Student: 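Got a structure for you, questions after.
Because only heavy atoms are used, hydrogens play no part in the values below, and waters and symmetry mates are left out as well, while side chains stay in. Not measured: the values here are computed from a predicted model. Sequence lines set the chain letters: A, B, ... in the order given, protein chains first and strands last, and positions in each chain run from 1.
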Amino acid sequence: MKPAIQIISERISQAIQKATGQNVPAIVTPATDSKFGDYQSNNALALAKQLKANPRQLAEKIIAQLQIDDICQKPEIAGAGFINLRLKPEFVAKNLRETVSDKDRLGIEKTNKPETVVVDFSGPNIAKQMHVGHLRSTIIGDCICRMLELAGHKVIRQNHIGDWGTQFGMLVEFLKERLEKLFNSHSVEWTAGPIEDIEDFYRQASEQYKNNTEFAGKARTTIADLHSGNPACLELWQMIVTETRRHYLPLYKMLGVNLTINDERGESFYKDKLADVVNDLKKQGLAVESEGAICVFPEGFKTKDDKPMPFIIQKSDGAFLYATTDLAALRYRINELKADEIIYVTDARQKQHFEMLFAVAKMAGWVKDTKLVHITFGSVLGEDGKPLKTRSGENVKLKELLDEAVKRAKAVVQEKNPDLPDDEKENIAQSVGIGAVKYADYSNNRTSDYIFSYDKMLAMDGNTAPYMQYVYARVCSIFKKGNIDIKKELNEIKEIYLNEPAEFELAKQLIRYSEAFNSAIADFKPNFLTAYLYELAQKFSAFYNACPVLDAQEKIRPSRLLLCDLTAKIIRHGLENLLGIKTIERM
RNA sequence: GCGCCCGUAGCUCAGCUGGAUAGAGCAACGGAUUUCUAAUCCGUAGGCCAGGGGUUCGAAUCCCUUCGGGCGCACCA
């Protein structure tokens with residue numbers, strides 16, 4: 001189903017073509033003020049300049065050619081030459097029917113050009129807990145994948161976990177010493193303790209590495225052993241990976257993020273491809289030695305000393321770096337995964353790294369037609385406006401942050417609705433708490449930093465998850481209370497009545513879901529989705545207050561039930577399918 | 001020093017491919033409740049869109065500049 005704005009745009013374009021012979025894209029936007037109608041075209045103003053014509057007269061000419069009476073009332077010219085358009089109730093009613101019968105997509109169209117899109121996001125580090133710094137990549141990446149899939153693209157999720165690096169030399173060495181006996185037996189059955197143990201090992205190992213030269217030497221040998229595939233070392237390494245995975249996979253589940261073990265393609269996956277990357281670049285004459293390191297110098301990048309900036313792919317000690325891994329991964333995604341587009345979801349601070357990565361890959365001729373996109377986001381700040389940290393200055397653990405949100409949500413449920421059964425209260429607290437954290441993140445502009453505040457995100461009013469979930473619960477409550485068989489009701493519906501202003505406003509918002517989706521996916525901006533859903537929730541609440549549903553006249557009751565049903569469907573679809581936030585039927 | 005991002009109501013933020021009188025929410029103030037969950041709704045007030053210059057019919061939006069803040073800039077990721 002085409003969004004109304006798109007149909008209108010096409011009609012405007014045709015009218016301009018007929019009126020002026022110009023072939024230009026339509027400039028159609030939602031009206032800036034509801035008193036101007038629903039949509040407006042600003043083409044006459046733009047064209048008038050170009051054609052040196054009077055904008056109002058040009059608008060008249062366009063309107064004379066405009067065939068739109070199946071959608072809108074008579075167009076009006078206002079101001080300097082705006083063309084204002086008002087949707088006809090019959091058109092809205094017709095769209096409403098189509099949207100409600102489009103059960104899975106609710107009017108959202110599939111792309112006519114499906115592509116294979118690789119999305120690289122989340123990327124937790126092995127041997128460490130996920131912290132607040134992983135939140136945005138994980139949930140924004142997830143939302144991007146969900147949008148792309150709904151649009152009909154083939155999405156390949158890639159969780160580029162940090163499972164291979166010099167730190168594993170000291171960590172394995174540390175474990176080796178600690179578990180000497182088991183290690184020597186080569187039949188290790190020790191399962192590592194919880195993630196906190198491993199983090200503790202990590203701390204101790206780093207300490208020793210710094211202060212104990214003997215240990216540091218051994219660690220270097222161990223990293224070489226690990227890299228050369230020593231089975232015992234690999235076994236210990238694998239244990240660390242497995243244990244860390246036992247930590248983050250449940251977190252993804254808790255967050256409602258679609259990432260599984262099958263989506264993992266960590267740094268270690270590329271370990272055998274790194275030398276090849278360097279050799280290829282050397283062969284092409286792109287990689288050269290500089291101060292002992294092997295570097296590529298893409299054009300346009302400078303260091304602080306105004307010298308060309310290197311993209312270092314091999315350190316002077318021979319080791320490879322993340323730049324090397326990223327190049328190998330990029331090549332793999334193009335050649336093996338057949339990506340038409342690769343999307344990297346990381347914070348804005350890595351912008352330059354990705355610019356250089358893309359530049360080098362292009363210089364090497366590896367990219368062909370693949371579109372490379374770096375989707376950035378801002379930082380999560382504390383109430384003091386500085387990056388969110390614990391009082392002792394550490395990164396806030398993601399698990400603790402989510403647990404706290406759930407705990408606070410639980411307290412609210414307890415207070416507002418103490419009579420609910422305990423397990424339901426717990427379920428509500430989970431949905432509301434986690435939903436609040438995610439929704440707060442999504443509703444901020446992706447590219448800006450935002451201040452993390454439990455109080456704000458858990459507020460009952462305003463653009464928050466609890467408010468959205470509450471509105472959903474209220475709709476559900478109508479159906480429950482009225483014992484409504486919605487399928488039967490909708491089947492029997494003959495005519496849709498939208499006479500009350502609140503009904504018409506709600507109906508118009510309902511048929512704009514696909515429009516909101518299109519603008520959200522165009523720039524991967526989840527806040528466009530939350531803004532739409534919030535506006536929908538507000539319009540529903542206004543309708544709810546103004547228009548009784550169950551007690552409505554027999555004639556108009558089915559129409560109102562349809563509005564309720566579609567509101568519930570869209571809120572649920574938006575929250576659950578696109579944002580991965582749970583809805584609850586009562587709270 | 002160079003580069004990138006940002007500065008919008010008291011607070012938190014939208015809006016930025018240029019369009020009409022700059023929008024929400026919170027907080028403040030005033031109203032609505034024999035309820036379909038008031039965890040709601042309706043209304044009022046609140047602004048030199050950091051400052052200055054330019055482009056033009058029109059600038060929060062584009063360009064230049066100043067000030068203020070954040071981030072990045074050779075072997076960590």
Student: Table please: side-chain donor-acceptor pairs of residues 467-474 of chain A below 3.5 Å, with sequence neighbours left out.
Tutor:
from, atom 1, to, atom 2, distance (Å)
A:Y467, OH, A:S541, OG, 3.4
A:Q469, NE2, A:S431, O, 3.2
A:Q469, NE2, A:K582, O, 2.8
A:Y472, OH, A:R572, NH1, 2.8

Student: Give every residue pair that meets the salt bridge (charged side-chain N to carboxylate O under 4.0 Å, His left out) criterion with at least one member in residues 430-446 of chain A, sequence neighbours excluded.
Tutor: A:R136-A:D441
Student: B:A14 C1' sits how many Å from A:L529 CG, rounded?
Tutor: 14 Å
Student: Counting the atoms with a prime plus P, OP1 and OP2 as sugar-phosphate, which does A:N445 contact under 4.0 Å by heavy atoms, base, sugar-phosphate, or nothing?
Tutor: sugar-phosphate
Student: For B:A60, which nucleotide is its Watson-Crick or G-U wobble mate, given both distances must be under 3.5 Å?
Tutor: none
Student: Indicate, with a heavy-atom threshold strictly under 4.0 Å, whether A:A78 touches base, sugar-phosphate, or nothing.
Tutor: base
Student: Where each residue is assigned the nucleotide of RNA chain B containing its nearest heavy atom, which of A:Y450 and A:I478 is assigned the position nearer the 5′ end?
Tutor: A:Y450
Student: Once hydrogens and angles are ignored, does a donor-acceptor distance under 3.5 Å link the base of B:A20 to the side chain of A:N42?
Tutor: no
Student: According to a cutoff of under 5.5 Å between the ring centres and under 30° between the ring planes, does A:F82 stack with the base of B:G19?
Tutor: no
Student: Testing A:I140, A:L135, A:T447, A:N444 for side chain to side chain contact (heavy atoms under 4.5 Å, CB included) with A:F377, which one passes?
Tutor: A:I140
Student: If we check side chain to side chain contact (heavy atoms under 4.5 Å, CB included) with A:P124, which of these qualifies: A:N159, A:T138, A:T244?
Tutor: A:N159
Student: Round to a whole Å and report the spacing from CZ of A:F377 to P of B:C13.
Tutor: 17 Å
Student: Where do N or O atoms of nucleotides 5-10 of chain B meet protein N or O atoms at under 3.5 Å, pair by pair?
Tutor:
none

Student: Is the centre of the A:Y322 ring less than 6.0 Å from the centre of the A:H160 ring?
Tutor: no
Student: Take the angle between the ring planes of A:H131 and A:H134 and call it parallel below 30°, perpendicular above 60°, tilted in between.
Tutor: tilted
Student: Give one of base, sugar-phosphate or nothing for A:F311, where a contact means two heavy atoms less than 4.0 Å apart.
Tutor: nothing
Student: What is the distance from OH of A:Y439 to C1' of B:G25, rounded to the nearest Å?
Tutor: 11 Å
Student: Quick one: label A:C476 by what it contacts on the DNA or RNA (base, sugar-phosphate, nothing), any heavy atom closer than 4.0 Å.
Tutor: nothing
Student: Please name all residues satisfying salt bridge (Lys or Arg N to Asp or Glu O under 4.0 Å) with A:E207, sequence neighbours left out, ordered by chain then number.
Tutor: none
Student: Do any N or O atoms of the protein come closer than 3.5 Å to N or O atoms of nucleotides 47-49 of chain B, and which pairs are they?
Tutor:
none

Student: For residues 289-298 of chain A, which residue pairs pass the salt bridge (charged side-chain N to carboxylate O under 4.0 Å, His left out) check, not counting sequence neighbours?
Tutor: none
Student: So what does A:N84 hit on the nucleic acid, given a heavy-atom distance under 4.0 Å: a base, only sugar-phosphate, or nothing?
Tutor: base
Student: Does A:E355 reach a base, just sugar-phosphate, or nothing at all? Heavy atoms under 4.0 Å.
Tutor: nothing
Student: Just the atom pairs and distances: protein N or O near nucleotides 54-57 of chain B's N or O, under 3.5 Å.
Tutor:
none

Student: Determine whether the aromatic ring centres of residues A:Y344 and A:F358 are separated by less than 6.0 angstrom.
Tutor: yes
Student: Among pairs that include at least one residue of residues 449-461 of chain A, which meet salt bridge (charged side-chain N to carboxylate O under 4.0 Å, His left out), considering only residues two or more places apart or in two chains?
Tutor: A:R408-A:D455
Student: Just jot down the side chain to side chain donor-acceptor pair (under 3.5 Å) partners of A:E60, sequence neighbours excluded, or say none.
Tutor: none
Student: What protein N or O atoms touch nucleotides 39-43 of chain B N or O atoms at under 3.5 angstrom, if any, and at what distances?
Tutor:
from, atom 1, to, atom 2, distance (Å)
B:A39, N6, A:M587, O, 3.0
B:U40, OP1, A:M460, O, 2.9
B:U40, OP2, A:D461, OD2, 3.1
B:U40, O2', A:R474, NH2, 3.0
B:C41, OP1, A:Y467, OH, 2.8
B:C41, O4', A:N545, ND2, 3.1

Student: For the pair made of CD in A:Q352 and C1' in B:C73, what is the distance, rounded to whole Å?
Tutor: 5 Å
Student: Please report the distance, rounded to the nearest Å, between CG in A:D523 and C1' in B:C16.
Tutor: 11 Å
Student: Any Lys/Arg nitrogen of A:E199 or A:R203 sitting under 4.0 Å from an Asp/Glu carboxylate oxygen of the other?
Tutor: no
Student: Nucleotides 74-77 of chain B: which of its N/O atoms have a protein N/O under 3.5 Å away?
Tutor:
from, atom 1, to, atom 2, distance (Å)
B:A74, N6, A:S290, OG, 3.1
B:A74, N6, A:E291, OE2, 3.1
B:A74, N1, A:S290, OG, 2.7
B:C75, O2, A:S316, N, 2.9
B:C75, N4, A:E291, O, 2.6
B:C76, OP2, A:K315, NZ, 2.3
B:A77, OP2, A:Y322, N, 3.3
B:A77, O3', A:E267, OE2, 2.8
B:A77, N7, A:Y322, OH, 3.0
B:A77, N6, A:Y322, OH, 2.4

Student: Roughly how far apart, to the nearest Å, are B:G54 and B:C29 at atom P?
Tutor: 45 Å
Student: When the P atoms of B:A20 and B:C49 are compared, how many Å lie between them, rounded to an integer?
Tutor: 15 Å
Student: When all nucleic acid strands are considered with a 4.0 Å heavy-atom cut-off, which category describes A:A531: base, sugar-phosphate, or nothing?
Tutor: nothing
Student: Does the ring center of A:Y442 lie less than 6.0 Å from the ring center of A:Y439?
Tutor: no
Student: For A:F301, report the nucleic acid contact type (base, sugar-phosphate, nothing); a contact means any heavy atom under 4.0 Å.
Tutor: nothing
Student: Verify the ring-centre separation between A:Y454 and A:F452: is it less than 6.0 angstrom?
Tutor: yes
Student: Mapping A:L47 and A:L381 to their closest nucleotides on RNA chain B, which lands nearer the 5' end?
Tutor: A:L381
Student: Reckon A:F528 touches a base, only the sugar-phosphate, or nothing at all at heavy-atom distances under 4.0 Å?
Tutor: sugar-phosphate
Student: How many Å lie between CG on A:N43 and P on B:U17, as a whole number?
Tutor: 15 Å
Student: Stepwise, does the side-chain contact (heavy atoms from CB on, under 4.5 Å) test hold for A:I161 with A:I126?
Tutor: CA-CA 7 Å; A:I161 61 174; A:I126 292 303; 4.1 Å; yes
Student: For residues 296-307 of chain A, run the donor-acceptor check on the side chains, cut-off 3.5 Å, and write out each pair with its distance to 0.1 Å, sequence neighbours left out.
Tutor:
from, atom 1, to, atom 2, distance (Å)
A:T303, OG1, A:D305, N, 3.2
A:T303, OG1, A:K307, N, 3.3
A:T303, OG1, A:K307, O, 3.4

Student: Between atom CG in A:D449 and atom P in B:U12, what is the gap in whole Å?
Tutor: 13 Å
Student: Keeping A:S13 on the side-chain end and A:P25 on the backbone end, is there a donor-acceptor pair under 3.5 Å?
Tutor: no
Student: Would you mind reading off the distance between A:H374 atom NE2 and B:G72 atom C1', rounded to a whole angstrom?
Tutor: 12 Å
Student: Would you classify A:K35 as touching base, sugar-phosphate or nothing, given that sugar-phosphate means primed atoms plus P, OP1 and OP2, and contacts are heavy atoms under 4.0 Å?
Tutor: base
Student: Do the charged groups of A:R349 and A:D347 touch, with an N to O distance under 4.0 Å?
Tutor: yes
